[in-house]
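A quick write-up on the structure given underneath.
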Amino acid sequence: MPLQMAPRRRGKPPKHFADLTPAERVASVEAMGEKPFRAKQLATHYFQHFTSDPEQMTDLPATTREAMATTMFPQLIRPTRRLEADGGTTVKTLWHLFDDARVESVLMRYPNRTTLCISSQAGCGMACPFCATGQLGLTRNLSTAEILEQVRAANKSLAAGEIPGGPTRLNNLVFMGMGEPLANPRAVIETVRALVAPQPEGFGMSARNITVSTVGLVPAMRKLADLGIPVTLALSLHAPDDDLRSELVPINTRWSVDEALDAARHYFEVTGRRVSIEYALIKDMNDHGWRADLLGEKLNARGRGWVHVNPIPLNPTPGSIWTASERAVEDEFVARLRGHGIPTTIRDTRGSDIDGACGQLAAEEDDE
Ligand code: SAH
């Protein structure tokens, strides 16, 4: 797969209420001949009650409710498949977008928190060979509202008590679904703003509970640091040496391991947020003890207490020649990093039985 920085298809989804800033929401309500305070009512329905259904907006005048809702809330995402695991507490949804592009999101409920993994692009142009989405290529960027709609839908389902364990709400969000979030920076940054804005202007989430995961687009990492919203940054490293990393994460040929790590360290310095290093453990590929040592050394060379490592056993994609590292090898890798004083936690592989992450469902559907 070649690297692709720009999308193949450029059709734009319809404008949606969630694409607008609070001031623009007021302006478009007024443009419809409505009073400005209607914008706040619409925002309350959307960001606080998670609804865009005119029937439920009984505080709006019956005569214009329908027109306002259909103009402001065009349907952007349509669920076409739903897969469950872990007794219904892990739910993966495949969404079709207005132009039939596909993305997926995965909801994971734990005893003390509920996490949603969202997509920021249809497909991905980063071409990482172990990742199912990487094999699809990039279809297009999602709009802000297409990303936020995944969040609203999850919150709605949680509030309605559809997930076992009683009604709850999302408290964790990871940009680890399809796409490279920092290759779609404008929409992702607007999404983050709406996620952290207090209700009813936004979803009122805490920035620290939002993780933006990147292959290491260095200039965009630096811009994210300057945003002033301290989200958690995850860097998908997967190898501490340029030779191997250029194979596993092709963008490494543009920004090297050292450049990506420097940008990660810079992120910590500006935001005070500890950075996560993602490392998919691939049998006999990147799981050697010496690579754990090299990673530990490179991280420590940039200071202490600024980073932690999340190894994750590879979730093999269909047709892949690669498999997950063996348990003993994984344990040794973790022990070596800890030996260097690096906080290290194996990432949970929830939902791997429903092709939990990594674009596998959309890829499978493309094959059908
Ligand atoms: N493009 C972003 C975010 C999406 S992927 C990024 O690369 O960070 C989210 C995480 O899942 C990344 O760390 C990615 O490397 C990892 N990943 C992708 N395919 C995987 C697989 N088959 N097994 C384990 N992790 C995988």
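All residue numbers refer to positions in the sequence shown, counting from 1. In each ligand, atom 1 is the first atom listed, and ligand 1 is the first ligand listed.
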- Message: I need the contact type for Met126 against ligand 1. Using non-hydrogen atoms and a strict under-4.0 Å cut-off, is it side chain, backbone, both or neither?
- Response: neither
- Examine ligand 1 and decide if any of its atoms is less than 4.0 Å from a heavy atom belonging to Met178. no
- State the atoms of ligand 1, each with its element, that fall below the 4.0 Å cut-off from a heavy-atom position in His238. 13 (O), 14 (C), 15 (O)
- Query: Does ligand 1 have any atom that is closer than 4.0 Å to a heavy atom of Gly179?
  - Reply: yes
- Using a strict cut-off of 4.0 Å, indicate which atoms of ligand 1 neighbour a heavy atom of Gly177. 4 (C)
- In ligand 1, which numbered atoms sit nearer than 4.0 Å to a non-hydrogen atom of Leu314? 21 (C), 22 (N), 23 (N)
- Message: Any donor-acceptor pair under 3.5 Å linking the side-chain atoms of Glu34 with those of Thr64?
- Response: yes
- Message: Pairs of nitrogen or oxygen atoms closer than 3.5 Å, one from Thr317 and one from ligand 1: do any exist?
- Response: no
- Query: Polar-atom distance check: Pro313 versus ligand 1, any N or O pair below 3.5 Å?
  - Reply: no
- Proximity to ligand 1 by part of Phe175, non-hydrogen separation under 4.0 Å: backbone
- Query: Salt bridge between Asp258 and Lys298, side-chain N to carboxylate O under 4.0 Å?
  - Reply: yes
- Got Thr93 and Ser105 here, is their nearest side-chain heavy-atom distance under 4.5 Å? yes
- Is Arg152 close enough and on-axis enough to Phe203, meaning under 6.0 Å and within 45°, for cation-pi? no
- Using a strict cut-off of less than 4.0 Å between a Lys/Arg side-chain nitrogen and an Asp/Glu carboxylate oxygen, indicate whether Arg186 and Glu190 qualify as a salt bridge. no
- What atoms of ligand 1 come closer than 4.0 angstrom to any heavy atom of Val215? 6 (C), 7 (O), 8 (O)
- ligand 1 to Cys131, heavy atom cutoff 4.0 Å, flagged ligand atoms 18 (C), 19 (N)
- Message: Rounded to the nearest 0.5 Å, what separates atom CZ in Arg82 from atom NZ in Lys92?
- Response: 13.5 Å
- With a 4.0 Å heavy-atom cut-off (strictly under), which part of Thr214 contacts ligand 1: side chain, backbone, both or neither? backbone
- Could you tell me whether Arg102 and Asp100 have a side-chain N and a carboxylate O separated by less than 4.0 Å? yes
- Query: With a distance cut-off below 6.0 Å to the six-membered ring centre and an angular limit of 45° from the axis, does Arg265 pair with Phe268 as a cation-pi contact?
  - Reply: no
